[in-house]
Amino acid sequence: MKTTNRAVRTPGGLSIRLDVRAVTVVLLLILAALVASVVLIGTGDFPIPAADVLRTLAGEGNPGQEFIVTELRLPRVLVGLLVGASLGLGGALFQAISRNPLGSPDVLGLGQGATAGALVVIVLGSGSANQVAAGALVGGLVTGFAIYVLAWKRGVHGYRLVLVGIGVSAIVTAVNGFLLTKSDIVDAARAVVWMTGSLDGRDWDQVWPLLALTAVLVPLVLVNARGLRMMEMGDDVSYALGVRVERVRLLLMVAAVMLTASATAAAGPVSFVALTAPQLARRLTRSPGPNLLPSLCVGAALLVVADWVSQRAFGAEQLPVGVVTGVLGGVYLLWLLVSERRAGRI
């Protein structure tokens, strides 16, 4: 098979290996996400042509367009991009650490843990939107810490992590059901809407915290990508190559938990993005390894496209974006299982 790798030498003598196909896929995904974002910003009860959207973003629109674009629609799109990117990257990290395609936040119970934190605030405290987001963030972090502690036995290993995550997920799901039964009808309805996963009503208050956290965590993850790639060969080989395995694993797990919890806090538990984005990225790049940056880009593009579908594909009825991602993710998983069975791998 013809290789697509290229070695690039910097003026300082540093040699960098580039996968041309992966770089091309990342660039095309970024372009697709940007195009979908412009289309989505121009979509609504007051449609705006794409050219006018671009002019407004450049500061040359009329006052009405500026208000609609910058105050109403742009924050929603930015939250969608950031949430999708965070879930895609978080899912890739968990799948690489556990060495299991099912080792995603959806399966490990992090989304359910964040939901539990939000439900506590909604049901017991009738908290504001910011308090619900804070509760979801705390719930996700506590759940991630519990999974790590319970899965620890001279290190954290893949199948143990997945099995513990499934068990914790079942427990937290039961707790969430109990909280819903103890709430009144108004709080229960509010909780169910949040639990579906939605970008409705998102504004700049959700954009800035998510952007700041992403700006810190994404570079941190990419800096440690080399160690994560080596860890896929096994802990013993990684130790021999000088990788501090447990330190890198703990650091990346904390980053993955924070990415997932912050995304859930901003938009609710949007299902299947963290599970499917790394799989789609691997199929697009045809490259081994964690595919962190492609997974990030797939997640961002996937969620923006799903948001457009949720707003326009069903006429006057607008669905929460979590419903669309759940349907798309379920269809993809069924197709993947059928393909793998026909290939004789399962």
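The shown structure was predicted, so the numbers you read here are calculated from the model rather than taken from an experiment.
Rounded to the nearest 0.5 Å, atoms CG (L199) and CD (Q206) are 10.0 Å apart. Between the CD atom in E60 and the CG atom in L54 there is a gap of 10.5 Å [rounded to 0.5 Å]. Rounding to the nearest 0.5 Å places CD1 of I30 at 7.5 Å from CG of L34. For the atom pair SG of C297 and CG of L302, the computed distance is 12.5 Å after rounding to the nearest 0.5 Å. In this structure, CG on D307 lies 11.0 Å from CG on L319, to the nearest 0.5 angstrom. Atom OG1 of T276 is separated from atom CG of L328 by 8.5 Å, given to the nearest 0.5 angstrom.
In this structure, the side chain of S86 engages the main chain of L82 through a donor-acceptor pair within 3.5 Å. With hydrogens and angles ignored, the 3.5 Å screen pairs a side-chain donor or acceptor of S262 with a backbone N or O of L259. Put simply, the side chain of T56 never gets that close to the backbone of E66: no donor and acceptor are under 3.5 Å apart. Of the possible donor and acceptor atoms, none in the side chain of Q311 sits under 3.5 Å from a partner among the backbone N and O of W308. R202 places a side-chain N or O within donor-acceptor distance of the main-chain N or O of A266, the cut-off being under 3.5 Å. Proximity of a side-chain donor or acceptor of W194 to a complementary backbone N or O of L119 within less than 3.5 Å is not detected.
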Using side chain to side chain donor-acceptor pair (under 3.5 Å), reason through T115 and N176 one step at a time and then give a plain yes or no. CA-CA 7 Å; T115 300; N176 292 343; 4.9 Å; no

Candidate pair V221 and L228, rule side chain to side chain contact (heavy atoms under 4.5 Å, CB included), full reasoning: CA-CA 9 Å; V221 168; L228 181 63; over 6 Å; no

Could you go through R73 and I68, starting from their C-alpha distance and side-chain angles, then the distance that decides it, and tell me whether this counts as side chain to side chain contact (heavy atoms under 4.5 Å, CB included)? CA-CA 6 Å; R73 297 179 183 173; I68 292 173; 3.5 Å; yes

Worked check of side chain to side chain contact (heavy atoms under 4.5 Å, CB included) between L110 and F94: CA-CA 11 Å; L110 294 175; F94 274 115; 3.2 Å; yes

Take L284 and R21, measure what side chain to side chain contact (heavy atoms under 4.5 Å, CB included) needs, and give me the verdict at the end. CA-CA 9 Å; L284 289 172; R21 182 185 177 92; 5.8 Å; no

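At a threshold of 4.5 Å between non-hydrogen side-chain atoms, the residues S271 and T325 count as touching. When side chains are defined from C-beta on, L250 counts as touching Y148, because their heavy atoms get closer than 4.5 Å. A heavy-atom distance below 4.5 Å is found between the side chains of L81 and S37. Residues I147 and L161 form a side-chain contact, since some pair of their non-hydrogen atoms from C-beta on lies under 4.5 Å apart. Looking only at side-chain heavy atoms (C-beta outward), T260 and T264 come within less than 4.5 Å of each other. Here the side chains of L93 and M253 are not in contact, with every heavy-atom distance at 4.5 Å or above. A 4.5 Å side-chain heavy-atom check between L108 and V168 finds every atom pair outside the cut-off. Between L74 and L57, some side-chain heavy-atom pair lies under the 4.5 Å cut-off.
Connection of V327 to V305 is not established within any shared hydrophobic cluster, with ILVMFWY side chains joined at heavy-atom distances below 4.5 Å, either directly or through further cluster members. Taken together through direct or relayed side-chain contacts under 4.5 Å among Ile, Leu, Val, Met, Phe, Trp and Tyr, I171 and I166 form parts of separate hydrophobic clusters. Under the 4.5 Å side-chain heavy-atom criterion for ILVMFWY residues, a single connected hydrophobic cluster contains both V38 and V304. Cluster membership for M195 and V138, using ILVMFWY side-chain heavy atoms within less than 4.5 angstrom, is not shared. Under the 4.5 Å side-chain heavy-atom criterion for ILVMFWY residues, a single connected hydrophobic cluster contains both L213 and L222.
Shortest non-hydrogen contact noted between N291 and S295 is O-OG, 2.7 Å. When all heavy atoms are compared, the tightest approach of S169 to G109 is CB-CA, 3.6 Å. Across all non-hydrogen atoms, the minimal contact from L29 to P294 is CD1-O, 3.9 Å. Residues L72 and P75 come closest through the heavy atom pair C-CD, 4.0 Å. Looking at every heavy atom in both residues, A191 comes nearest to I122 through CA-CD1, 4.0 Å. Taking each heavy atom of P320 and T196 in turn, the nearest pair found is CB-CG2, 3.6 Å.
Taking a 6.0 Å sphere around CH2 of W204, one finds it holds more than 12 heavy atoms contributed by other residues, nucleotides or ligands.
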